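Only a predicted model underlies this, so the values are computations on that prediction, with no experimental measurement involved. Below, each value reflects all heavy atoms present in this structure, side chains not excepted, and no hydrogens, waters or symmetry copies.
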Amino acid sequence: MKTDRALTQDARPVADAVNWIVLAPIGVGAFMSALDSSIVNTILPVLTHRLHADIATIEWVVTVYLLVVSSLLLSVGRWGDLHGQKKVYCIGFSIFVASSALCGMAPSALALIASRGLQAVGASMLFASAPAILTANFPARRRGQVLGLQALMTYLGLTVGPLLGGWLTTHLGWRSVFLVNVPVGLTALALAIRYVPADRLVGRPKRFDAAGAALFMAGLVALMLALNQGSKWGWTSAPVLGLFGFSAITLGAFLRLEGRLAEPMLDLSLFRTRLFSAAAATALLNYVTLYSVLFVLPFYLIQGRGYSPAYAGALLTAQPVVMAITAPLSGLASDYIGTRIPSTLGMAIMAAGIWMLSRLDALSTPHAVVAALAATGLGTGIFVSPNNSALMGSAPRDRQGIASGVLATARNVGMVLGVGMAGAVFTSTQAHWRSGGPSALFHSVQAAFMAAFCAAALGVLTALARGRPAPRAV
């Protein structure tokens with residue numbers, strides 16, 4: 001009987017004796033990638049001065065990373081399904097470490113931007129293959145727990161990043177921010193090569209859908225570039241409208257092609273599973289909401305309330321700290337009670353936190369800010385691990401890579417959509433209230449948070465739409 005090529009593991013993934021050492025290189029990869037992205041955002045002013053470049057040029061250090069990562073996630077996820085997730089992960093880690101060294105030695109802004117683009121190639125491989133490796137190497141009864149621990153490492157990286165980046169830049173220079181990845185990354189790569197079980201390929205080989213990959217990359221890059229630059233170029237400007245139009249045509253052609261191929265890059269049948277579709281949609285809305293907060297709140301704290309950047313940064317850590325504590329506990333709980341209840345509860349608590357943020361004004365105390373951020377972080381921490389577990393668990397074993405790619409793509413697109421939506425609401429409301437003096441900023445902040453609240457409320461509905469909760473794990 002003809003069978004598709006699938007990825008299988010030895011008896012270890014489903015055995016009771018769980019090989020916890022597999023989690024070490026995956027956790028370090030999650031920590032490093034989150035640390036790197038959060039650090040780079042904090043040192044952009046330093047890079048502008050040290051590399052003698054203007055702000056518009058230095059911003060591409062972040063933008064090129066985002067565009068490359070997002071456009072490659074589905075492709076490398078599918079490539080991992082065909083050739084092995086361990087191979088993809090190790091190659092990605094090698095690229096990430098080598099490009100980090102190149103970033104640390106970059107002689108100019110353009111060289112740094114090019115090195116960041118290469119670094120994004122490696123990061124996309126890490127993002128797309130890590131959840132697939134964990135899902136394949138741990139039994140279903142442990143899935144929420146291990147994905148929660150991976151989320152813990154991500155949130156730790158986001159929390160430590162700004163503090164560590166400031167210390168490294170002050171005492172060792174900005175290049176150390178990138179060079180520190182090299183020894184840590186090499187250690188994690190050695191652990192991955194040694195302890196992550198190799199995938200065993202069985203059945204007939206499949207072909208990689210190169211045409212579909214090219215269409216998806218072109219369409220998504222155009223979409224994300226328009227969303228990323230829309231507030232700067234103007235949402236109704238010819239370049240932005242042209243990018244939106246090109247993206248719609250290209251992604252439409254991609255979906256049509258994938259529906260006709262016997263071996264597509266993106267198996268659209270995955271979305272016929274209500275659990276998979278609902279989990280992917282809710283993840284997208286969660287990140288839209290989360291990154292709206294991260295974009296808007298600094299304007300409120302620094303410009304509106306006059307807090308110093310250091311004090312504002314200290315207040316902002318309330319959210320990732322609560323997320324880091326909650327995520328592994330929620331993942332563990334979802335292994336016993338199913339994913340629907342914690343996912344829905346998490347989105348509801350997050351929506352409540354956003355509502356609290358939308359009530360902030362010129363007289364709100366720092367305690368009110370911390371309480372609202374803690375509620376938002378609590379909801380996100382409760383939500384993320386169960387939702388990721390639901391999405392990965394609803395995909396067949398030979399589609400785990402593409403499921404990881406869908407999850408990571410939802411995160412990146414949600415991030416850009418959140419920033420774009422918040423920025424559009426914030427700037428348009430500020431223009432409307434400009435005659436109102438200083439109060440214009442507070443009206444703009446409240447309007448942006450209300451838009452984020454609507455996204456979170458919609459996320460509650462999509463979380464509920466996934467169906468009945470799974471039975472308790474045995």
Side-chain angles (χ1 to χ4, degrees), residues 7 26 29-30 32-34 36-37 62-93 95-96 99 116-135 147 150-151 154 208-225 227-228 247 250-251 254-255 258 264-268 270-271 276-277 279-284 286-288 291 384 387-388 391-392 395 398-418:
L7 295 181
I26 305 300
M32 280 181 56
S33 55
D36 186 78
S37 60
V62 174
T63 302
V64 72
Y65 185 88
L66 174 65
L67 294 177
V68 173
V69 166
S70 301
S71 64
L72 288 178
L73 286 168
L74 286 186
S75 298
V76 297
R78 180 59 178 155
W79 193 58
D81 284 336
L82 298 179
H83 300 287
Q85 300 297 343
K86 178 180 179 178
K87 179 184 294 185
V88 171
Y89 192 79
C90 291
I91 292 175
F93 229 136
I95 294 174
F96 189 87
S99 57
R116 282 282 285 173
L118 181 61
Q119 191 182 43
V121 174
S124 68
M125 294 180 169
L126 299 180
F127 292 147
S129 57
I133 291 174
L134 294 179
T135 302
L147 291 176
Q150 183 197 18
T154 299
F208 181 75
D209 176 18
L215 285 172
F216 179 79
M217 290 172 62
L220 191 64
V221 166
L223 173 62
M224 299 193 73
L225 185 59
L227 292 171
N228 186 266
S247 173
T250 308
L251 292 178
F254 165 74
L255 293 175
E258 299 304 280
M265 185 188 79
L266 176 60
D267 187 355
L268 298 179
L270 289 172
F271 293 94
F276 185 90
S277 297
T282 313
L284 177 70
N286 176 267
Y287 286 107
V288 167
Y291 279 89
V384 168
N387 192 73
N388 292 357
L391 187 145
M392 297 300 300
D398 64 336
R399 296 292 189 274
Q400 289 294 304
I402 200 64
S404 294
V406 169
L407 181 61
T409 302
R411 179 184 63 242
N412 282 269
V413 174
M415 176 179 66
V416 179
L417 280 174

Legend entry - Chi angles and distances behind the side chain to side chain contact (heavy atoms under 4.5 Å, CB included) call for Leu220, Thr250: CA-CA 9 Å; Leu220 191 64; Thr250 308; over 6 Å; no
Legend entry - Test side chain to side chain contact (heavy atoms under 4.5 Å, CB included) applied to Met415 and Leu66, step by step: CA-CA 10 Å; Met415 176 179 66; Leu66 174 65; 2.8 Å; yes
Inset, instruction - Begin with the C-alpha distance, continue with both residues' side-chain angles, and end with the deciding distance and a verdict on side chain to side chain contact (heavy atoms under 4.5 Å, CB included) for Leu147 and Val384. - result: CA-CA 9 Å; Leu147 291 176; Val384 168; over 6 Å; no
Legend entry - Residue pair Asn286, Asn387: steps toward the side chain to side chain contact (heavy atoms under 4.5 Å, CB included) verdict: CA-CA 10 Å; Asn286 176 267; Asn387 192 73; over 6 Å; no
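In this structure, OG1 in Thr135 is found 3.5 Å from CE in Met392, a value given to the nearest 0.5 Å. Distance check: Leu82 CG to Lys87 NZ gives 10.5 Å after rounding to the nearest 0.5 Å. Rounded to the nearest 0.5 Å, atoms CG (Leu407) and CG (Asn388) are 4.5 Å apart. Rounded to the nearest 0.5 Å, atoms OH (Tyr287) and CG (Asn412) are 9.0 Å apart. To the nearest 0.5 Å, atom OH of residue Tyr65 and atom OG of residue Ser33 are 6.0 Å apart. In this structure, CG in Leu284 is found 10.5 Å from OG1 in Thr409, a value given to the nearest 0.5 Å.
Contact of the Glu258 side chain with the Phe216 side chain is not registered, since no non-hydrogen atoms from C-beta on lie closer than 4.5 Å. Met217 is not listed as a side-chain neighbour of Leu74, based on a closest heavy-atom distance of 4.5 Å or more.
Between Phe271 and Phe276, the ring planes lie perpendicular to each other; the angle is over 60°, past the 30° to 60° tilted range. Ring geometry for His83 against Trp79 counts as tilted: the plane angle lies between 30° and 60°, on a 0 to 90° scale.
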Result block: side-chain N/O donor-acceptor pairs under 3.5 angstrom for residues 116-134, not counting sequence neighbours:
unit_1: Arg116; atom_1: NE; unit_2: Val61; atom_2: O; d: 3.1
unit_1: Arg116; atom_1: NH1; unit_2: Asp36; atom_2: OD2; d: 2.7
unit_1: Arg116; atom_1: NH1; unit_2: Gln119; atom_2: OE1; d: 2.8
unit_1: Gln119; atom_1: NE2; unit_2: Ser100; atom_2: OG; d: 2.9
unit_1: Ser124; atom_1: OG; unit_2: Val121; atom_2: O; d: 2.6
unit_1: Ser129; atom_1: OG; unit_2: Met125; atom_2: O; d: 2.5

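Just one of Val221, Leu227, Leu225 meets the side chain to side chain contact (heavy atoms under 4.5 Å, CB included) condition when paired with Leu223; it is Leu227.
Among all heavy-atom pairs drawn from Met224 and Ser70, the shortest one is SD-CB, 3.1 Å.
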